[in-house]
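Order of listing sets the numbers, starting from 1, for every ligand and every atom in it.
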Amino acid sequence: MPVSDSVSRPDTDADGDRLPINELFASLQGEGKLAGVPSTFVRTSGCNLRCWFCDSYHTSWEPTHAWMGVEEVVAEVDALAPEHVVVTGGEPLVHDETATLLSELADDYHLTVETNGTLETDAPVDLASISPKLASSTPTPENAPTDTDPGVWTDKHESARIDLDSLASLVDHADDFQLKFVVTGRDDLPEIESLVDDVRGVTTREVRDSDVLLMPEGQTRDALARTRTDVADLAAEFGYRYTPRLHVDLWNDAPET
Ligand SMILES: C[S@@+](CC[C@H](N)C(=O)[O-])C[C@H]1O[C@@H](n2cnc3c(N)ncnc32)[C@H](O)[C@@H]1O
Ligand SMILES: Nc1nc2[nH]cc(C(=O)O)c2c(=O)[nH]1
Ligand code: SF4
Ligand SMILES: [Mg+2]
């Protein structure tokens, strides 16, 4: 698992299963089919991709975190009120312990996993929120948010960003799913249509157009204001669903929102 590229393990695992946690907070689900639902967010650190636009820079390009025991995470989730829990990252599925966490939470919570779709899981998931990364996400020396050798990541990201077997497995396995694409402009649509066709070809499940969500790229209110109307128009034109980024509209790019 390429997580060691970005997140080194602590010296000892004596305390049992531990996860690198970047933040843990209660908010409203800002994206997707459950937008507006009060939810607890568990954000793991470390990712196997490097989207140039990643809005969680401190879980991907420059990971920072505290190592927390799975039981400690469960206790913090229990202390917050929401019935819905969103496990996100970074890429939560790079950590084997994420499956342990999901299993521990499954009896008591509705579980959404936010994933880039490159990895599979056997863990219980109510909503697989899959955000496959398009060619327009690939970092280049020009667009990367850091100059620490983004060139290496151009090729790594490009070769890892789509894994059709993992996409099929995630769609087939979860109780419900959504394919949530970050859209930078009209040029992304041919790739989305072709990828949706490919997923339809490999899953046993029906993938309705309403399971396909277009989400405007934008880390800040100002950036979103420049992209969202175009992306909403594209959703209407192509018959896909539009998802806002409510948390960005409401709280801009503040941490723990
Ligand atoms: C930070 S990612 C973590 C989960 C997983 N790594 C993934 O990419 O799906 C959470 C969500 O934010 C989306 N996202 C990240 N940066 C974004 C941006 N600049 N604009 C719009 N959505 C973004 C991702 O596509 C994903 O749906
Ligand atoms: N409010 C809120 N909703 C979200 N939905 C998905 C998020 C994520 O970062 O995965 C996210 C997030 O960071 N905040
Ligand atoms: S896959 Fe998700 S966490 Fe990883 S770099 Fe892309 S948006 Fe960020
Ligand atoms: Mg987010």
Side-chain angles (χ1 to χ4, degrees), residues 2-3 6-7 21-61 63 80 82 84-95 98 111-119 121 125 127-134 136-139 143-145 157 160-163 166-167 170 177-185 188 192 212-228 231 242-257:
V3 68
S6 58
V7 177
I21 299 295
N22 174 264
E23 51 182 8
L24 199 165
F25 59 95
S27 183
L28 302 178
Q29 171 57 279
E31 306 168 6
K33 290 180 176 179
L34 294 176
V37 175
S39 305
T40 299
F41 290 82
V42 179
R43 188 181 307 284
T44 60
S45 192
C47 188
N48 58 339
L49 298 182
R50 289 294 184 280
C51 305
W52 66 266
F53 53 61
C54 182
D55 66 1
S56 301
Y57 177 87
H58 286 287
T59 67
S60 52
W61 290 97
L80 297 164
H84 285 68
V85 175
V86 181
V87 178
T88 183
E91 175 46 55
L93 298 184
V94 297
H95 309 291
T98 296
L111 298 175
T112 296
V113 176
E114 302 281 349
T115 176
N116 61 29
T118 62
L119 300 162
T121 184
V125 177
L127 175 62
S129 178
I130 308 163
S131 185
K133 292 302 178 288
L134 303 173
S136 61
S137 69
T138 300
N143 66 20
H157 179 99
R161 66 185 173 81
I162 300 295
D163 182 318
S166 296
L167 290 172
L170 287 163
F177 70 94
Q178 59 193 13
L179 295 169
K180 183 172 55 133
F181 293 98
V182 176
V183 179
T184 58
D188 290 335
I192 292 173
V212 178
L213 284 68
L214 305 191
M215 178 162 73
E217 192 280 321
Q219 296 188 41
T220 63
R221 235 179 236 148
D222 288 348
L224 261 191
R226 291 192 289 271
T227 54
R228 65 182 167 211
V231 174
Y242 170 79
T243 173
R245 284 167 58 75
L246 285 181
H247 50 115
V248 180
D249 289 333
L250 292 167
W251 302 299
N252 202 9
D253 55 356
E256 303 198 338
T257 59

Checklist line | Check: Thr88 N/O within less than 3.5 Å of ligand 2 N/O | finding: yes
Check: Minimum heavy-atom separation for Pro92 to Val113, with atom names?
Finding: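 That would be CG-CG1, 4.1 Å.
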When you measure from [atom] to each heavy atom in [options], which option holds the nearest one?
atom                    : options                : result
atom 12 (C) of ligand 2 : Glu256, Gln29, Arg43   : Arg43
atom 8 (O) of ligand 1  : Lys180, Glu91, Lys133  : Lys133
atom 4 (C) of ligand 1  : Gly90, Cys47, Ser60    : Gly90
atom 22 (N) of ligand 1 : Glu217, Arg245, Gln219 : Arg245

Notebook entry, point to check: What is the distance from atom CG of Asn143 to atom OG1 of Thr138, rounded to the nearest 0.5 Å?
Noted result: 8.5 Å
Check: Between CG of Leu28 and NE2 of His247, what distance do you get to the nearest 0.5 Å?
Finding: 10.5 Å
Closest protein heavy atom to [atom], given as residue, atom name and distance to 0.1 Å:
atom                    : answer
atom 10 (C) of ligand 1 : Thr88 OG1, 4.0 Å
atom 7 (C) of ligand 2  : Glu31 OE2, 3.9 Å
atom 11 (C) of ligand 2 : Phe41 CE2, 3.6 Å
atom 17 (C) of ligand 1 : Phe53 CD1, 3.7 Å
atom 25 (O) of ligand 1 : Ser131 OG, 2.8 Å
atom 13 (C) of ligand 1 : Met215 CE, 3.8 Å

If the cut-off is 4.0 Å to any non-hydrogen atom of [X], which atoms of ligand 2 fall inside it?
X     : result
Gly30 : 1 (N), 2 (C), 3 (N), 4 (C)
Leu28 : 1 (N), 2 (C), 3 (N)
Ser27 : 1 (N)

Next item on the list: Identify which one of Leu170, Asn116, Leu213 satisfies the side-chain contact (heavy atoms from CB on, under 4.5 Å) criterion when paired with Ile130.
Entry: Leu170
Will you find, in the side chains of [X] and [Y], an N or O donor that is under 3.5 Å from an N or O acceptor?
X      : Y      : result
Thr118 : Asn48  : yes
Glu114 : Ser129 : yes
Thr112 : His84  : no
Thr59  : Asn22  : no

Check: How does Thr115 reach ligand 1, by side chain, by backbone, by both or by neither, if only non-hydrogen atoms under 4.0 Å count?
Finding: backbone
Next item on the list: Check each heavy atom of Asp55 against ligand 1 and say whether those closer than 4.0 Å belong to the side chain, the backbone, both or neither.
Entry: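 Both backbone and side chain of Asp55 come within 4.0 Å of ligand 1.
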Notebook entry, point to check: Would you say Thr257 contacts ligand 2, with heavy atoms under 4.0 Å as the rule?
Noted result: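 Per 4.0 Å heavy-atom rule, Thr257 contacts ligand 2.
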Next item on the list: Can you sort out which atoms of ligand 1 are near Val182, meaning under 4.0 Å from one of its heavy atoms?
Entry: 21 (C), 22 (N), 23 (C), 25 (O)
